[in-house]
Amino acid sequence: MRTPLLALLAAALSFACGKSSAPLGAASDAAARVYIAPGQYDELYAFMSGGFSGNVTVYGLPSGRLLQQIPVFSQYPEKGYGYSEQSKALLNTSYGFIPWDDVHHPQLSMTDGMADGRWLFVNGNNTPRIARLDLTRFETEEIIEIPNAAGGHGSPYLTQNSEYAVSATRFAVPTPQADVPIKTGKFGGMLSFVKLDSVSGHMSLAFQILVPGYDYDLARAGKGPSHGWSFFSTYNTEEAKTLLEMNASQKDKDYIAAVNWKQAEACVAEGKGKAWSTPYAHNWIGEGGVAKSEMLRSQKVILPVDCPGIVYFIPTPKSPHGADVDPTGEYIVGGGKLATVIPVHSFTKLLKAIADRAYDGEVGGIPVLKYEAVNVCEVQNPGLGPLHTEFDDKGFAYTSVFISSEVVKWSIKECKVVDRVPTYYSIGHLMIPGGDTRKPYGKYMLALNKITKDRYLPTGPELTQSGQLYDISGDKMKLLLDFPMTGEPHYAQALPAAVLKDKSQKAYVLAENKDPYVTRSEKDVKVARQGTKVHVSMTAIRSHFLPDNIEGIQVGDSVFFHVTNLEQDWDVPHGFAMMGAGNSELLIMPGQTRTLVWVPQRPGIYPFYCTDFCSALHQEMQGYMRVSAKGSSVPLVWNGGAGTLK
Ligand code: RUQ
Ligand code: CUA
C-alpha cells in the first residue's frame, strides 16, 4: 500500500512539535546508537556533496559530526583555496577562471568493485568538470573539463577498477556547438569517458560517444558480470526545448542507455573515433604543490553508426533519474520520477535481447531494445517519485522517493516492497555505506533531504538541508539521527574509518617542499625587488613571522608574500592576513608555502598577522610594512636573514 500523503504529513507535523509518537525508550536507544563519546572516533568517514557550495564535506558516522570541508570547484576562504597563487589554476576552464560551481556526486575510487580509499572523484555540474581529491591530504588534486557537453550531471560514476570516470550531458546542445535557432536547431548529447591512471589517478579524456539530444541524467557502471558496461538514464527523449516540466513528460517511457565501453575502446583502437577540437582545461597540483593548468584541444568522438554494438537503449518508465546497479551486477534499477513502478532490468536478459535482436526500432544508429525483453519485474507501490536506489548486504534495495518523502525497502528477489519510512522532507539521493559496491557495509542508510522546513530553529528564508541516518540492520528501518548539512547534499559516499585513518598525512615534509619560493630556514628570509614586483620570502613559526618589519615598499608595487610554515607538527597551520589586501588571506599547512599578492594603494604603515590561533603568543604573531609614495627614496630593508633593518 502506498502511504497516503496526509498520513506522512501528520507524522511529519507531530515530529515537528517535538511530540514524537515513539516511546522515550526508543529515542534514548537511538541516541545511544549514534553516541560517540568525547575523544572517540566515528566508525565511518562519509563524503557528502556540498551541492551549490562547490565543496565536499566530510562527516563522521554515525555521529553526524562535521569533520572537514574540502574545497573543489569554488573559492573557499577558510583555506585560501582558489585565492592563493598556488591554487588558483585549479579553477581554470576554457571559459577562464570560474570561482564557483555546483557539486553533485562524490564517488570513491574502486578496486574490484570495492572502495579502496585512494581518491574521491566529484563532478562539477554547471561547467562540466570532474575533480580528483587525494584522501591522504583531503585536498583537490586535479580537475579536468569535459568538452562538447553542457551540464555534467551523470558523473563521475567510476567503473569497477577505476578504469574510467564518466560524464553525461545533462542539457542537450548543438554538438559541436553552433549558432542555431533554439526551436529548430539540432541538438545532441555526449557520453564522455575519462581514463584514470591506475597508479597516479591522473585523468585524461579517452573518448566521447555522440548520442541523440536527450537529457542524460545519471550513470552507473556495471560490476561483476556486467563489468565493461555503463548505464545512463535519460529523460526528455521528447527533445523538448521549452517548458520541459510539461513537454518532456509526454512519453510513457524514456531510456536507460547501456554502453559497452570495452567495445568502444576497441573501436577507438581501430581508428573509428573522429577527431574533434574543442578546447578544454586540465589542471593539477604539480611539483612543489603549485597548481598547473594546460589547455587541450583534441578529442576522439565515436558516432554509434560507425561502431555498432556500443550503445543500446532500454525503454524505462517515465523520465528516469537514477539508474543503479545491484551488488551482483545483474540488476539495473531505474528510478522514473514520474513512474508508478520501479522497473528492474536484467543484464542477462539484456545480453540475450541483443543476441536475439529483440529491437523496437532504432535512433541514430542505436537499437532500442524491447522493454519486455530486458525488464524482469516492476516493483509495485513504490510511492510518488522514485529517484535513486542503493543496496544492502542482504538482498534488499532501498529507493528514495521524492514526492511522498520516503524510503522504500524492497526485496530484489521477490520484487516487492517490504518496508517504508518517512523522511523529513523531500529526499533526493540516499546512501548506504558501500551501497554501490559489490559488498555493501549495510548497517546504516542515510537519507539526503532537500527540505528541512520546521525541523530546526528558523534561520531566515534559507534553511539548511539535512541528512537522516537510519538503522537498517533489522527488518524495519529505524530513524536514529537527523543533522543539518552544508550546501545541498546530492549524493554521498562512505567507507569504514579503518581504510583511511592511518593513511592521513600529518604535515608536508619541509625538506621536500619544491615550491619555487620556499624558505627553509629563518637564515634564508629575504625581500627582493624586480621592477614593481617585490618578492617577500617569509617564514612562519610559533610565534613570529620573519621578516616582520619591511620598509621601502611603494604604492603601485605588487608585493608577493611567499610564506613558508616551518612547523613539522600535526595541526599547526599558520594564517596570514594583510590589511587592505584585495585578494585573500592564506592558511599555510606545516611544511607548506603559500603566496598572497598585495597591491598597496596608499602610503602608511600596514600591519599583517596570523589568523589561526596557533599558540599562547598567537596574538603577538604580527608585523608591519611601511609603504611610501611611488618613486620614494626609502631603501628596501627588512629584518631577519641578510636584512639590514634591526
Ligand atoms: S541528483 S536528487 Cu544526483 Cu543531482 Cu538526484
Ligand atoms: Cu601563527 Cu597564530
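Residue indices begin at 1 and follow the sequence shown. As the structure lists them, so they are numbered: ligands from 1, and atoms in each ligand from 1.
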**Study point:** Opening angle between SG in Cys610 and SG in Cys614, taken at atom 1 (Cu) of ligand 2, to 10 degrees
**Key:**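 Computed angle, vertex at atom 1 (Cu) of ligand 2, rounded to 10 degrees: 120°.
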
Review point. Name of the His321 N, O or S atom nearest atom 5 (Cu) of ligand 1?
Key: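 Looking at His321, the N, O or S atom with the least distance to atom 5 (Cu) of ligand 1 is NE2.
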
Review point. Would you call Arg420-Glu406 a salt bridge at under 4.0 Å N-O?
Key: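 Between Glu406 and Arg420 there is a salt bridge, with a charged N closer than 4.0 Å to a carboxylate O.
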
Check your understanding: Any salt bridge between Asp254 and Lys318, counting N to O under 4.0 Å?
Key ->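 Judged by the 4.0 Å cut-off on N to carboxylate O distance, Asp254 and Lys318 do not form a salt bridge.
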
Practice item. Specify whether an N/O/S atom of His388 falls short of 2.8 Å from atom 5 (Cu) of ligand 1. Key: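 Of the N, O and S atoms in His388, at least one lies under 2.8 Å from atom 5 (Cu) of ligand 1, which means yes.
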
Atoms of ligand 1, numbered as shown, that sit under 4.0 Å from any heavy atom of [X]:
| X | value |
| --- | --- |
| Lys450 | 2 (S) |
| His104 | 4 (Cu) |
| Gly428 | 2 (S) |
| His153 | 1 (S), 3 (Cu), 4 (Cu) |
| His490 | 1 (S), 4 (Cu) |

[X] and [Y]: side-chain donor and acceptor closer than 3.5 Å?
| X | Y | value |
| --- | --- | --- |
| His321 | Ser233 | no |
| Gln208 | Asn148 | yes |
| Asn513 | Thr593 | yes |

**Study point:** Within 45° cone of Tyr235 ring axis and under 6.0 Å: Lys337 NZ or CZ
**Key:**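 Yes, cation above the ring, under 6.0 Å and within 45°.
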
Check your understanding: With a cut-off of under 6.0 Å to the ring centre and 45° to the axis, is Arg220 in cation-pi contact with Tyr157?
Key ->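 Checked: cation-pi criterion not met.
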
Check your understanding: Hey, which N, O or S atom on Asp612 ends up closest to atom 2 (Cu) of ligand 2?
Key ->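 When I compare the N, O and S atoms of Asp612, O is nearest to atom 2 (Cu) of ligand 2.
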
Check your understanding: Which single N/O/S atom of His618 lies at minimum distance from atom 2 (Cu) of ligand 2?
Key ->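 In His618, the N, O or S atom with the shortest distance to atom 2 (Cu) of ligand 2 is ND1.
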
Check your understanding: Does any N, O or S atom in Met621 come within less than 2.8 Å of atom 1 (Cu) of ligand 2?
Key ->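 Of the N, O and S atoms in Met621, at least one lies under 2.8 Å from atom 1 (Cu) of ligand 2, which means yes.
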
Point to revise | Any N, O or S atom of His574 closer than 2.8 Å to atom 1 (Cu) of ligand 2 | key: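 So His574 does bind atom 1 (Cu) of ligand 2 by this criterion.
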
Review point. Can you tell me if Gln493 uses its side chain to pair, donor with acceptor, with the backbone of Phe121 under 3.5 Å?
Key: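 Absent.
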
